[in-house]
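Comments concern the structure below.
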Amino acid sequence: RYSNHVDKEEVMALATLMTYKCAIVDVPFGGAKGGVKINPWDYTAGQIEKITRRYTAELVKRNFIGPSIDVPAPDYGTGAREMAWIYDTYRTLSGTDIDAAGCVTGKPVNQNGIRGRTEATGRGVFYGIREACNVAEDMKKLGMSAGTNGKTMVVQGLGNVGAYTAQISQDEGGIVIVGVGEVEGAIYKKDGIDIHDLLKFRNETGSILNYPGATCYEKKDRDIVMEFECDILVPAALENQITIKNAHKVKAKIIAEAANGPTTSEAEEILIDGGKIVIPDLYLNAGGVTVSYFEWLKNLSHMRFGRMEKRFNQNAFDNLLSTVESLTGKSIGHKERSLLVKGADEIDLVRSG
């Protein structure tokens, strides 16, 4: 994590969360955290590279990093670029370690990364929301029907996690995004926001404000995003966003904790007493560390997922289908056949996992 808020207590708390998170999703990692107390947006790419490489060199010097010691992954303020620098620095300093690629995860795919890692946390958030919404008994208590289709969502934070959560929820879950909050302010649009269009708009203008057709709230009023009318609220920014000051104003029926520790313990009591469902961060945002585990396994095995069995499975399915066609005297269309005999690619196996 590269953030101005990094301090010893925060790193200890996040490391503890990681420990529990790995246990909950049955990933055989321990749990640790690393941070550098800087605002990464105040530095050039060259300066960030020097900071990252020096940080890695200090970890190597202290024997704090390695495929069997501690395996970092991206968090707030970092991404695949920084992970590639960590990998390159470790590989340079570790000499003949054949498993050097396993020293860090979240690397670019062409640098021994794995397909699906960038979107993993956001996809995991959507899967968690989908599973919660499929419990008819719980949804009945909230006065809603089972399933995600047609439900409304507000997302606070359009970083990696928030952006992918919103996109996948909209595209695959039929969820309507009605509100978004970011550092520059918040917007609300009752009939829905096309999240792809909003991300393009923000990329072009540098802000979500003034998005066509949306009600805008300036930076000083950005916290109102927590109070927007919706079915699902996704805090996907930093910790301590829902507190005793605003918990009673939350209108959402489901609070999906995409960030680490976005709700204080006192606020959670208020939410639950109000009949709301809180899907905890420890479970909901564990998609990231789960796919980090897959990347680590890939690096240690030195083989891409699906490479050994994909062709075998395709041939086996094709032979099975041909046998059924022969016995029934009926044939299947080319498009349907392609779908049924397809062997699993890396991305299919990652999403399944």
Side-chain angles (χ1 to χ4, degrees), residues 1-8 10-15 17-18 21-22 29 31-60 62 64-67 69-93 100-125 157-165 182-183 203 236-239 258-262 281 285-296 299:
R1 172 173 291 198
Y2 287 0
S3 163
N4 278 335
H5 302 290
V6 167
D7 59 28
K8 185 181 174 184
E10 183 191 62
V11 172
M12 287 170 69
L14 291 169
L17 287 172
M18 285 302 299
K21 194 183 296 184
C22 291
F29 281 158
K33 204 73 176 186
V36 180
K37 191 180 176 68
I38 59 166
N39 181 355
W41 292 276
D42 289 344
Y43 297 86
T44 65
Q47 289 171 324
I48 291 289
E49 180 178 358
K50 287 178 181 177
I51 291 165
T52 305
R53 288 185 183 277
R54 177 59 187 271
Y55 177 61
T56 309
E58 293 297 328
L59 292 177
V60 172
R62 291 165 172 77
F64 282 173
I65 185 174
I69 302 166
D70 180 33
V71 182
D75 192 51
Y76 186 84
T78 64
R81 180 185 67 174
E82 286 76 18
M83 302 308 110
W85 289 332
I86 290 174
Y87 167 43
D88 186 59
T89 307
Y90 178 84
R91 188 178 57 177
T92 303
L93 297 174
C103 77
V104 64
T105 60
K107 303 180 294 293
V109 174
N110 61 5
Q111 294 282 310
N112 293 288
I114 194 167
R115 285 161 184 81
R117 177 59 184 87
T118 307
E119 66 176 62
T121 308
R123 180 168 286 282
V125 170
L158 268 189
N160 174 281
V161 179
Y164 278 113
T165 298
E182 247 302 333
V183 67
N203 197 38
L238 292 170
E239 59 271 5
N260 285 317
D281 55 346
N285 65 25
V289 74
T290 302
V291 179
S292 277
Y293 168 58
F294 297 158
E295 183 177 334
W296 181 72
N299 295 154

Counting distance only, does the side-chain N/O of [X] pair as donor-acceptor with the main-chain N or O of [Y] below 3.5 Å?
X      : Y      : result
Glu82  : Gly79  : yes
Glu182 : Leu158 : yes
Lys33  : Glu10  : no
Gln111 : Pro108 : no
Asn4   : Asn39  : yes

Taking C-beta and beyond as the side chain, do [X] and [Y] meet within less than 4.5 Å on heavy atoms?
X      : Y      : answer
Ile38  : Ile48  : yes
Asn260 : Arg1   : yes
Glu295 : Asn299 : yes
Thr52  : Ile86  : yes
Ile65  : Tyr90  : yes
Thr89  : Val60  : no
Thr78  : Pro40  : no

message = Could you walk me through whether Val11 and Val6 satisfy the side-chain contact (heavy atoms from CB on, under 4.5 Å) test, starting with their C-alpha distance in whole Å, then the side-chain angles of each, then the deciding distance to 0.1 Å, before giving a yes or no?
response = CA-CA 7 Å; Val11 172; Val6 167; 4.0 Å; yes
task = Evaluate whether atom NZ of Lys37 has more than 12 neighbouring non-hydrogen atoms of other residues, nucleotides or ligands under 6.0 angstrom away.
result =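 Correct, the count exceeds 12.
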key: CZ/Phe294: more than 12 non-hydrogen atoms of other groups inside 6.0 Å   =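 Yes - once you tally the heavy atoms of other residues, nucleotides and ligands closer than 6.0 Å, there are more than 12.
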What's the separation between atom [atom1] in [X] and atom [atom2] in [Y], rounded to the nearest 0.5 Å?
X      : Y      : atom1 : atom2 : value
Ser292 : Met18  : OG    : CE    : 7.5 Å
Cys103 : Trp296 : SG    : CH2   : 12.5 Å
Leu59  : Arg54  : CG    : CZ    : 11.5 Å
Phe29  : Thr290 : CZ    : OG1   : 9.5 Å
Asn112 : Tyr87  : CG    : OH    : 4.0 Å
Phe64  : Tyr55  : CZ    : OH    : 10.0 Å

task = Would you please say whether a donor-acceptor pair under 3.5 Å links the side chains of Tyr164 and Thr118?
result =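 The answer is no; no qualifying pair exists.
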Heavy-atom pair of closest approach, residues [X] and [Y]:
X      : Y      : result
Pro262 : Asp281 : CD-OD2, 4.2 Å
Met83  : Thr105 : CG-O, 3.4 Å
Ala259 : Asn285 : O-ND2, 3.3 Å
Val291 : Ala120 : CG2-CB, 3.5 Å
Ala32  : Asp70  : CB-OD1, 3.7 Å
Ala258 : Val161 : CB-CG1, 3.9 Å

key: Salt bridge flag under 4.0 Å for residues Arg53 and Asp88   =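 Result for this pair is yes, salt bridge flagged.
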